[in-house]
Every structure is written in C-alpha cells, then in structure tokens.
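Here is the naming used below: chain letters follow the sequence lines, and residue numbers restart at 1 for every chain. The model shown is predicted, which means the values in this text are computed figures rather than measured ones.
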Amino acid sequence: MSDVNKISLQQQQSEIERNFPELLAAKEKIEERAGLPPLEDAENGKVVTRFPPEPNGYPHIGHAKAAIIDEEYARMYDGKLILRFDDTNPENERLEYYAAIKVGLDWLGVKYDKVKNTSDDIELIYQKGLELINSGAAYVCTCKQEVISKNRREMKSCKCSILDQNQNNDRWKKMFDKFKAGEAIVRFRGNMSSENTVMRDPVLFRILDGKHPLLGDRYRVWPSYDFAVAIEDNIDGVTHAFRTKEYELRNELYYAILDALKLRKPKMMEFSRLEFKGMPVSKRVLKPLIESGKVSWYDDPRLPTLEALKRRGITPEAIRKFVLSLGFTKADTLAPFDVLESFNRKIVDEQSTRLFMVKNPKKLVVTGLPTSTITIPNHPTKDLGKRNVTVDENFYLSSDDTKDLKPESKIRLMGIGNVQIKTVSDHLTCQYAGDELVEEIPKVQWVSQKNFQKLKIQIPKALFIDDNFNEDSLEEIEVYVEPYYLELKEGSEIQFVRFGYCRKESASLAIFTHR
RNA sequence: GCUCCUGUGGUGUAGUCCGGCUAAGCAUACUGCCCUCUCAAGGCAGUGAUCCCGGGUUCAAAUCCCGGCGGGAGCACCA
C-alpha cells in the first residue's frame, strides 16, 4: 500500500488503467445538471404531480415555488400536473381565492392538465373513512379537546378507543346530525406511544358548521388535511407529491393511512419553504397591517404576493428561473432577493425604454443651443424606436448631478451636447460648448422646463426589520420625467437612466423595481 | 422538554447516496478593466470556503462512522 503512494498520481492512474480498466469505466462522472434533480422511480410519461393550495388567501412566492417545481417535474417526465384546491375547511376558504390562485398560476405560466377540488370527492372520502372504522383502524372519539391533547402528551389512549365496531358505526352516523361541532371526531388508530406525535391517534374527520364556498352547508363532516391528502393523492393517480418541510413528520401518517386502506402509495418528498427576509407571507401578520392601513392591500409592492411582485415589475420568467436556481433542498435558507432581481434585470433590460428623470430639480439655463428638437433613442442597443423632445433654454437637472459643478466645469446633457457652466446660484447658467463626445465630461440626464411631467415613484423596502414593522418601508419620491412617459403603456417596464428600473403604474405613479 | 430535519465563500446552490477526476464548480454580491452619450445590459479578470466543530475508518473524506454544537420545524378538531 505505501508503495502505491510513493509513485506519482499519474503513474497510479496508468497502473489502474492497465490492470483494472473497469474501475475507471464505472465512474463516468455525473455532469453538472441543469434543472431540478432527477426523480426516483419516475417513468417517462407516467409521472403525475399535483399542486394542492388551500383557497384561503392570495397566492404568493411560496405558492410559486411549489407550483413551479410541480410543473417542472411533470414536464421533465412528460407527465401531468393536477391543480387541486384543498378545500376541506369551509371556515377558511373563499370563492375569490380559487380564482385568485388560478390567475396567479396563469401569470406565472404554470399550465396544469386538470383542475379539481378535494371537496368534489367528499362522498368518496367518507367511504374510505367508514372503511377504516369498519376495519378497526379508526374510531369516533367524543372526548373533550383538552382531554385529547392531554392524553396525547401522556401517551394514553382514551375510552373511546376501545369501542366496538357497532358503537363506532353508530357514532359515525351521529356525526352527520346529532353531534354538534366539536363533540365528536374520528381518529386514526395510530400509536399513542409513538415518538412522532403526529401518530398519536390523529384526527381524520371533524364537524365544521361553516358554509363551504362551493358546497354551502350540504356537508358538515370534513376530512382533515392528513386524511384528505392521502386519499386524494391516491385517487388522482399522483406518483410524486411534494410539500414543504414542515410536513415532514406527517409522512409516516400519510403512508400509514394508505397502508391501512391497502392503497398505492405515491412518493412524498419535501423542500424548504421559500420566504424573503422582511417580507412576511402569513395572513396572520399581513391582515392587521392592511386593516390599520399601513399596507394598502395584498398587492402592495412590499409584499411577496404574486400580485405585488407583478405590480413591482418582477416578471414570471424571472420567478421561474429564480425558483429553479434555488434547487430542491431541505436546507433552511434566507432567500436571496438580489438573485431574483438579477434574473429580472436581465429579462427586463432589453425591453425597457430608457427615459430621463430628474430628482430634486435644479434649474439650468443654457444659452447658444443650436436646436430646439432633440432626438433620443429609446434604448442604447435594441431598436425600441426614438423619441423627440422639444426644448428651449430652460432645463432641470437632478441636484445630485449639479452639486459639484463650478463655473468653467463642463457637463454633457445627454442627447444634446456639452455645456460649460458660467454661474452657479439658486440656478445654473451655462453656454453650449459643442457636440464632441469627450470621455471625461460627465453625462447627465435632464428634462425640459417646457414639457416635463410630474411623477411619483414608490420605492418598496423591507416591510419588517427584525420583526418590527418598518415605518419607512415605502419611500415615495416626486420626480420630473419626460413627457414621453405618458405615451408608454401602463404596466410597462422602463428604466430611468442612472436611477433604475421602474414599472409604470399610471400616468402619475411608477413603482421602483430594482436598480 | 421530546421528536424529526438541516449545516459547502457575504448570499443561494452543484458535488454528498456510489470516498480519489475538484484543496471544491455555478449564480449572485463586491472590486477592477473593456464596451458604452446611463452608475443598466454585455465581455473579461479578480477578491472570497482548511466544505459547522472534534474524533475515527482509509493509501485517500466535503463525501463513510461516532460524538458534539448551531439553525429550523412539529407536538391543532389549520393547511
């Protein structure tokens, strides 16, 4: 052995090649992958994935991650994607959210092969529940909630668990009329002494009196998430199911339910949650902000909802690239918003009209201008057309650009030519100094006093800083822009030169995307 | 507290299952140069990781084993 180490690596290599060529052949190394990692047990043409949101709110970046992963895998294997509204809790769900989620997916460009609702299958789910009751794998429990959780903690079974099949059947029937909400639940016979608390006889059905957005009050016995997902994934033919990491402990239950019913088991996998720092997703924290007026609505550009991202100028293509770049991992991550921005910038750059914009205007009077019509290209490299601006001797510059100016110094008014400063006071005066491009002369943008437009730009910042609401999270600035702004379509992305990308919201408002 | 998951440069990841090809690839961020009538995009180059720590196995470990530590999650008649 030590002899081996005395010879050089190269010699070792050739030794091996001579004596054991199969060693090298076996190791045809794995190339760097492009997209998501391959799926286990995935057969081309047979993969079925599903995206199962609960219609209880507006879709956000977390939904986007899940949906994109689901779709990518379905595509990767020529399979199918099912959009399934997981609507098993009438107390939380609303009709408008079904629609909002579809709109969001549409915008993202996620195409599904089938839409359905868990609530479509409620009768079938009852059937499966009854089957479990009849096989003794489930029982109806009428203990008080506190008792149940106490028993769970103490790993003790309750008296309901020893009921016989007839008694359980009887109770099951009563759940549909006699029992009131909260008086009875059906529980899966798991294992009260399991270390996984999820397995301590979890809930399969409970009574809920809320009005279901689709079914009204036709039903009041509703399956729990765990039961519904297991059954639905099975009957939908799902082969690979993905969910976020916090569900991981529920896998044991998922498979146990399927086993008890002797049903085929999809492969369940989990990935880390996607959330941006300082951009909460939960309704629990957003709702009060909206109610107090600190945030206008769920499409406020500071939020990570799809609607907000869209208003802010983030493109769906960028979101997809971004999500894919995150990979399929379980590591807890601090999502890199700058990567999203970078993808977005590259996409948006070539479509964005470049406009001049002036912040904190400072007046400039130019003498000797040779022309009164200036033609400016809308993009430095792409052919996005040109625009004409008529000017007189009065201009505005950003005061940032005028700070260092002294008499005699030269600047170049972009698209016009060089000027030489003559006087500096509350306003500047200067003299036209030719059109020759000189590298050292700073180039600044301007607007003409003749025809500028006032515009408000909203600049979204982190909503929260260390769990505290950031009172300065939405900066608003008043600026002057060229009149050409008015001709651009609402919703279009523009770049204010040397400032950054913004999305036109209306004639008087633009939202800052990123720089 | 118990249980589970997780830990690669500032950040996100690839590689980890099947130890050597890589003293670790890519992206982003940052810096510089080129290009440019933008501080954008594009091109090029650079800074930056003893792969959480400590042991062990091995000729060889980010990769396998053991023990720590850090972070997250679950412990609901919500999903």
Side-chain angles (χ1 to χ4, degrees), chain A residues 1-6 9 12-13 16 23-24 26-27 29-33 37 40 52-54 56 86-89 91-93 141 145 148-149 152-153 181-187 194-198 200 202-208 222 224-226 228-229 243-252 270 272-273 277 321-322 324-343 345-350 352 354 356 376-377 379-382 412-418 435 437-439 441-445 495-501 514-515:
Chain A
M1 272 303 165
S2 53
D3 289 346
V4 175
N5 276 347
K6 282 187 195 128
L9 243 185
Q12 290 184 35
Q13 190 85 17
I16 294 170
L23 277 183
L24 291 172
K27 293 270 159 146
K29 201 47 176 200
I30 334 99
E31 307 292 310
E32 183 124 343
R33 298 184 335 256
E40 247 173 74
E54 182 185 23
N56 68 341
D86 207 1
D87 51 353
T88 56
N89 186 342
E91 287 167 4
N92 294 338
E93 294 138 16
C141 178
Q145 215 169 133
I148 292 175
S149 57
R152 279 222 179 91
R153 270 196 308 273
E183 283 183 351
I185 55 173
V186 358
R187 292 227 254 165
S194 171
E195 296 207 306
N196 183 355
T197 48
V198 170
R200 323 240 254 239
V203 178
L204 259 27
F205 290 94
R206 75 289 208 208
I207 301 170
L208 258 23
W222 292 95
S224 66
Y225 164 81
D226 290 297
V229 168
R243 50 177 16 167
T244 45
K245 208 173 73 144
E246 66 266 26
Y247 291 100
E248 208 162 16
L249 275 328
R250 318 196 83 89
N251 286 184
E252 189 181 352
E270 34 291 312
S272 61
R273 248 186 120 100
K277 194 173 172 215
K321 280 191 166 179
F322 172 68
L324 263 16
S325 80
L326 258 28
F328 197 109
T329 82
K330 290 203 269 195
D332 315 297
T333 58
L334 204 152
F337 202 82
D338 58 345
V339 175
L340 211 207
E341 290 184 343
S342 167
F343 282 133
R345 190 178 297 117
K346 281 163 196 169
I347 290 166
V348 127
D349 178 78
E350 50 183 43
S352 299
R354 310 297 147 122
F356 294 166
I376 306 169
H379 194 283
T381 53
K382 303 280 167 198
R412 182 178 185 86
L413 301 179
M414 291 172 72
I416 299 179
N418 308 322
D435 189 32
L437 254 181
V438 183
E439 209 179 323
I441 298 183
K443 299 159 193 119
V444 303
Q445 70 262 44
Q495 189 208 53
F496 290 125
V497 170
R498 303 197 302 142
F499 176 74
Y501 298 89
H514 45 60
R515 42 181 314 264

message: What's the gap between B:rA27 and B:rG71 when it is taken at their P atoms, as a whole Å value?
response: 32 Å

- prompt: Atom CG of A:Asp349 to atom P of B:rU38: distance rounded to whole Å?
  reply: 13 Å

field: Length of the line joining A:Gln445:CD and B:rU38:P, which is rounded to integer Å
entry: 11 Å

statement: Side-chain contact check for A:Glu246: nearest option of B:rU13, B:rA73, B:rA79 is B:rA73

- line: Heavy-atom nearest nucleotide on RNA chain B taken for A:Glu93 and for A:Glu248; more 5' hit belongs to A:Glu248

query: Which nucleotide in the list B:rA41, B:rG12, B:rC78 gets nearest to the side chain of A:Pro336?
result: B:rG12

task: Look at the side chain of A:Asp435 and decide which nucleotide, out of B:rG74, B:rC37, B:rU3, has an atom nearest to it.
output: B:rC37

- prompt: What is the nucleic acid contact for A:Lys245, judged by heavy atoms within less than 4.0 Å: base, sugar-phosphate only, or nothing?
  reply: base

message: Within the 4.0 Å heavy-atom criterion, would you say A:Arg515 contacts the bases, only the backbone, or no part of the nucleic acid?
response: sugar-phosphate

task: With the side chain of A:Thr329 defined as its heavy atoms from C-beta on, choose the nearest nucleotide among B:rU13, B:rA76, B:rC75.
output: B:rU13

message: Nearest to the side chain of A:Pro380, heavy atoms from C-beta on, is which of B:rU38, B:rC5, B:rA29?
response: B:rU38

message: In whole Å, measure the gap between the C1' atoms of B:rC52 and B:rG74 for me.
response: 24 Å

statement: Writing each nucleotide of RNA chain B 5' to 3' as (, ), [, ], | or . by Watson-Crick or G-U pairing under 3.5 Å yields (((((((..((((......[....)))).(((((.......))))).....(((((..]....))))))))))))....

message: For A:Asn89 and A:Tyr225, which I'm curious about, is there any donor-acceptor pair between the side chains at under 3.5 Å?
response: no

statement: Assert: residue with more 5' nearest nucleotide on RNA chain B, out of A:Phe343 and A:Thr333, is A:Thr333

Rounded distance in Å between the C1' positions of B:rG55 and B:rC78: 45 Å

query: Using atom C1' of each nucleotide, how far apart are B:rU28 and B:rG72 to the nearest Å?
result: 24 Å

